[in-house]
Protein chains: 2
Amino acid sequence: MADGQRPPAPGGGGPRHATAPEPEPAPPGDGVPPGARPTSRDVARAAGVSQATVSLVLGDKWRGRVSPGTADTVRDTARSLGYRPNLAARNLRLGHTRTALLVVPALTHEFFARVYTGAAAVAERHGFGVVVYPSPDGIGPAKDPFASARAALDGVIASSMATDALTALRASGLPLVMLDSDPEDRGAAARVNLAIADGVRQVAGHLLDLGHRRYLHLAPAIDSWTFEVRARALAAAVGAVPGASVRTVRGPFTVDAAREAAHRALTAPGPRPTAVVCDGDTLAAGVCKAARRLGLRVPEDLSVTGFDDLALATAVEPELTTVRLPAEQVGERGMHALLAVLDGRAPARDELPVQLVVRESTGPVPGAVPGSVPGPVPGSVR
Amino acid sequence: MADGQRPPAPGGGGPRHATAPEPEPAPPGDGVPPGARPTSRDVARAAGVSQATVSLVLGDKWRGRVSPGTADTVRDTARSLGYRPNLAARNLRLGHTRTALLVVPALTHEFFARVYTGAAAVAERHGFGVVVYPSPDGIGPAKDPFASARAALDGVIASSMATDALTALRASGLPLVMLDSDPEDRGAAARVNLAIADGVRQVAGHLLDLGHRRYLHLAPAIDSWTFEVRARALAAAVGAVPGASVRTVRGPFTVDAAREAAHRALTAPGPRPTAVVCDGDTLAAGVCKAARRLGLRVPEDLSVTGFDDLALATAVEPELTTVRLPAEQVGERGMHALLAVLDGRAPARDELPVQLVVRESTGPVPGAVPGSVPGPVPGSVR
DNA sequence: GGGCCGAGGTGTTACGTATAACGTCGAGGC
DNA sequence: GCCTCGACGTTATACGTAACACCTCGGCCC
């Protein structure tokens, strides 16, 4: 057994130790080749045991196979050498990595940053990691998530808005969880959706109750299932009311672009819309700016609704009436679904509820007889 | 890497999961064990060459060692089998991973999301990947970045604001690039800073020119080098002007907290400040809300400045006078520095310039004789 | 015809880990 | 005295890849 390793034991004050002024911040301990990271074998040598024992102890599988004393020795030596397992080797050996890829359009959109946060929190609790691939913009021409995410992966969670990357993902054969995507679409092992259409119906109901009949719908110029659903739901809700109409305008998803688009639409010939339904708080903020510059008061002259309930929604004035999306929860459920799939369990089928939050940017249609329609209820949910 | 590879698959094509009618989108080709991901050896067998040749061809190192015809064959077979190299194995073999860890407080802060974007863009161009560890909040108790980032790493880029994780990072011995941190602090292989103090001086100069003398400074309740620098720079700039004074208030970094703090400070007994200098646009937005609710007009009655130049700065009204920080560039330079260190080259010493952007939230001090002080120049830089 | 060369490969190894399969050794049982 | 048996480890692989060293063979020079 442990052949009392002590190489210089009898030598007493041998020169061995004097030769180590060690400027090294990371202490490479005893017999370890200097400069290199210690391996489990180095720990084994230093502790006087075999590499297998080190692996057992540090992997916490030693009970009944290694004596507690030896286990302690191993742990101490590992610590003092600054040993950290080589994850590449471990992943290779194990055949999996406990790492998931999250594919989103861009982390600079608060919604997706929050999705990430939720996913990462759940992952962390289950010993998983999450790496992000923000798909098209800002990252350059690489349309292949795998070329970019250098890490070896166990599975993928993808927003349906990151369309260009999806085909590569499908072909990879990795377990795929789709976020907010068409339920008809096959090919995902699981799916986490938001009740987007219901959110739009809540918005439409709120505005219709306030007496609005002429609507402007500001939508992003993005081909995505989510936005099609919104347009259809709005058209259906408004179309069900006689005399009500909606006009849709599309453009880039920025405050300034929305301001310009709203300016054009609000100064166009013909009767002006009295309410603007926006597919995002960012757009709504732009609309409010356009309105103010045209001398229109929000909500007295024009009602504006957002979507997402970003931090922005309560930073601007008036605070935006919007639809709160449980972004973190989307990430959490997505991760849970992926974990279930990897475990061979059936993932839960999720459609997360969304909620209208009435704030200050919506009010009765201009010219309404006071009291004839229910007024807004600022902060009703807030 | 592969899906959680059923460990030994003892029964061969066992009954384990009858639940797989899976019309596999990835064609497992010819002699490949079904269900498993093809390896380079599978490709070799199918192409009638050795594994070494496959490695050479796919690694693009075949010129002069393999005939073009053979190379084509190999590539075709690889494609038709749906082969993708096992990154864990490659990383193990190569001894590095071409993956960097970015440690930031939270990706939901636009600044850090943009830092990530910049770092990821540079990484991508150099065949590197970036994984994120958002340190303290929202992620739970794990203070060890390495426990969370499952990927094997080559180096680390860390924001100085992510303090709790730093000690673990230092001990790891991995090359470390610090962002916006104390130059006195040793222990980083490189550093990328912003000319924060200069930004504060620009703000102070602008406001002093406008005649302001009583300042409120809204700072986050975070112990961080950056914020200390700002406080000192502001105190120095204001202190240099006779009769000028600054009072500092600290609080959480949110719109609402800032609104409340500003409300308290603006209604406190004694002469009211005429300008509020905020350490972030988020805080400035809160101050504007507080001002409006107190019946104070911005900028006529109160000037407000932000910091960061987030999207928020132009979404609110009035648009914020603020200091533009080149967030993406911070990420880019950070990644470049790390690449340099990994290459054994000397990293560039960076201090990125910042720029005051004068918009609508600042104006002459109330009661100033018109024309006696230079007016604001809205959009002068914008 | 021997030697040499380059083109076109192949055999083999090592990376660091986790784990299955296999010792060894002293104490008891019979 | 032999066998068994648990406690405590060890030996020996295998994971998939990259790359070094080696091999073969036809052509060509002298």
Side-chain angles (χ1 to χ4, degrees), chain A residues 1-3 5 32-33 36-45 47-74 78 81 83-98 150-154, chain B residues 1-10 32-33 36-45 47-74 78 81 83-98 150-154:
Chain A
M1 74 153 285
D3 54 307
Q5 71 283 19
V32 186
R37 233 175 78 177
T39 74
S40 63
R41 210 174 313 262
D42 294 325
V43 175
R45 253 193 298 273
V49 299
S50 76
Q51 178 267 333
T53 302
V54 173
S55 187
L56 284 174
V57 171
L58 298 183
D60 214 39
K61 294 184 166 52
W62 57 276
R63 254 157 288 258
R65 336 212 327 92
V66 177
S67 76
T70 310
D72 279 347
T73 310
V74 169
L81 288 187
Y83 170 76
R84 291 189 317 104
N86 180 319
L87 291 182
R90 186 206 299 259
N91 289 341
L92 173 60
R93 172 66 229 234
L94 255 26
H96 60 37
T97 60
R98 298 183 84 77
R150 311 281 315 173
L153 303 170
D154 279 359
Chain B
M1 137 146 340
D3 48 330
Q5 238 165 0
R6 302 307 162 210
V32 185
R37 233 175 78 177
T39 74
S40 62
R41 211 174 312 265
D42 294 326
V43 175
R45 254 193 297 274
V49 297
S50 76
Q51 182 267 335
T53 302
V54 173
S55 186
L56 284 176
V57 171
L58 299 183
D60 213 38
K61 294 182 167 50
W62 57 275
R63 254 157 291 257
R65 333 208 338 86
V66 178
S67 77
T70 310
D72 279 348
T73 310
V74 169
L81 289 186
Y83 170 76
R84 290 189 319 103
N86 181 318
L87 291 181
R90 180 199 301 239
N91 289 341
L92 173 57
R93 173 67 235 240
L94 256 28
H96 62 257
T97 60
R98 299 185 82 78
R150 311 283 314 175
L153 303 171
D154 280 359

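In what follows, chains carry the letters A, B, and so on, assigned in the order in which the sequence lines appear, proteins first and then strands, with residues in each chain numbered from 1.
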With a 4.0 Å cutoff (strictly under), does any side-chain N or O of B/T39 reach OP1 or OP2 of D/dG16? no
Tell me, with the steps shown, if A/S50 and A/T53 meet side-chain hydrogen bond (donor to acceptor under 3.5 Å, both in side chains). CA-CA 5 Å; A/S50 76; A/T53 302; 3.2 Å; yes
B/A88 backbone acceptor or donor facing B/N91 side chain under 3.5 Å: no
When the distance from CZ of B/R37 to P of D/dT17 is rounded to whole Å, what number comes out? 8 Å
On DNA chain C, check which nucleotide each of B/Q51 and B/L94 is closest to and give me the residue with the more 5' one. B/Q51
Please pick, from C/dG16, C/dG9, D/dT17, the nucleotide with the shortest atom-to-atom distance to any side-chain atom of B/P85. D/dT17
Identify whether any heavy atom of B/S67 sits under 4.0 Å from a base atom; if not, whether one sits that close to sugar-phosphate; answer base, sugar-phosphate or nothing. sugar-phosphate
Whole-Å distance separating the CZ atom of A/R65 from the P atom of D/dG6: 14 Å
Between atom CH2 in A/W62 and atom C1' in D/dC8, what is the gap in whole Å? 12 Å
Per nearest nucleotide of DNA chain D, the residue lying toward the 5' end, A/P68 or A/R41, is A/P68
Main chain of A/P85, side chain of A/R37: is a donor-acceptor contact present, judged purely on distance under 3.5 Å? yes
Starting at atom CZ of A/R63, determine the distance to atom C1' of D/dG6, rounded to an integer number of angstrom. 19 Å
Whole angstroms only, please: what is the CZ-P distance between B/R90 and D/dC15? 19 Å
Tell me which of A/A71 and B/S40 sits closer to the 5' end of DNA chain D, going by the nucleotide each one is nearest to. A/A71
Which nucleotide in the set D/dA14, D/dT11, D/dT17 lies at the smallest distance from any side-chain heavy atom of A/S50? D/dT11
When you measure from the side-chain N and O atoms of A/T70 to the phosphate of D/dG9, is any distance below 4.0 Å, counting only OP1 and OP2? yes
Does any N or O in the side chain of A/S55 come within less than 3.5 Å of the main-chain N or O of A/Q51, such that one atom is a donor and the other an acceptor? no
Trace of the side-chain contact (heavy atoms from CB on, under 4.5 Å) decision for A/W62 with A/T70: CA-CA 10 Å; A/W62 57 276; A/T70 310; over 6 Å; no
Is A/S55 near enough to C/dT17 that one of its side-chain N or O atoms lies under 4.0 angstrom from OP1 or OP2? no
Rounded to whole Å, how long is the line connecting atom CG of B/L92 with atom C1' of D/dA19? 14 Å
Once you apply a heavy-atom cut-off of 4.0 Å, does B/V54 come out as touching a base, just sugar-phosphate, or nothing? nothing
Measure the distance from CZ on B/R93 to C1' on C/dT13 and round it to the nearest whole Å. 8 Å
To the nearest Å, how far apart are B/L56 CG and D/dA21 P? 14 Å
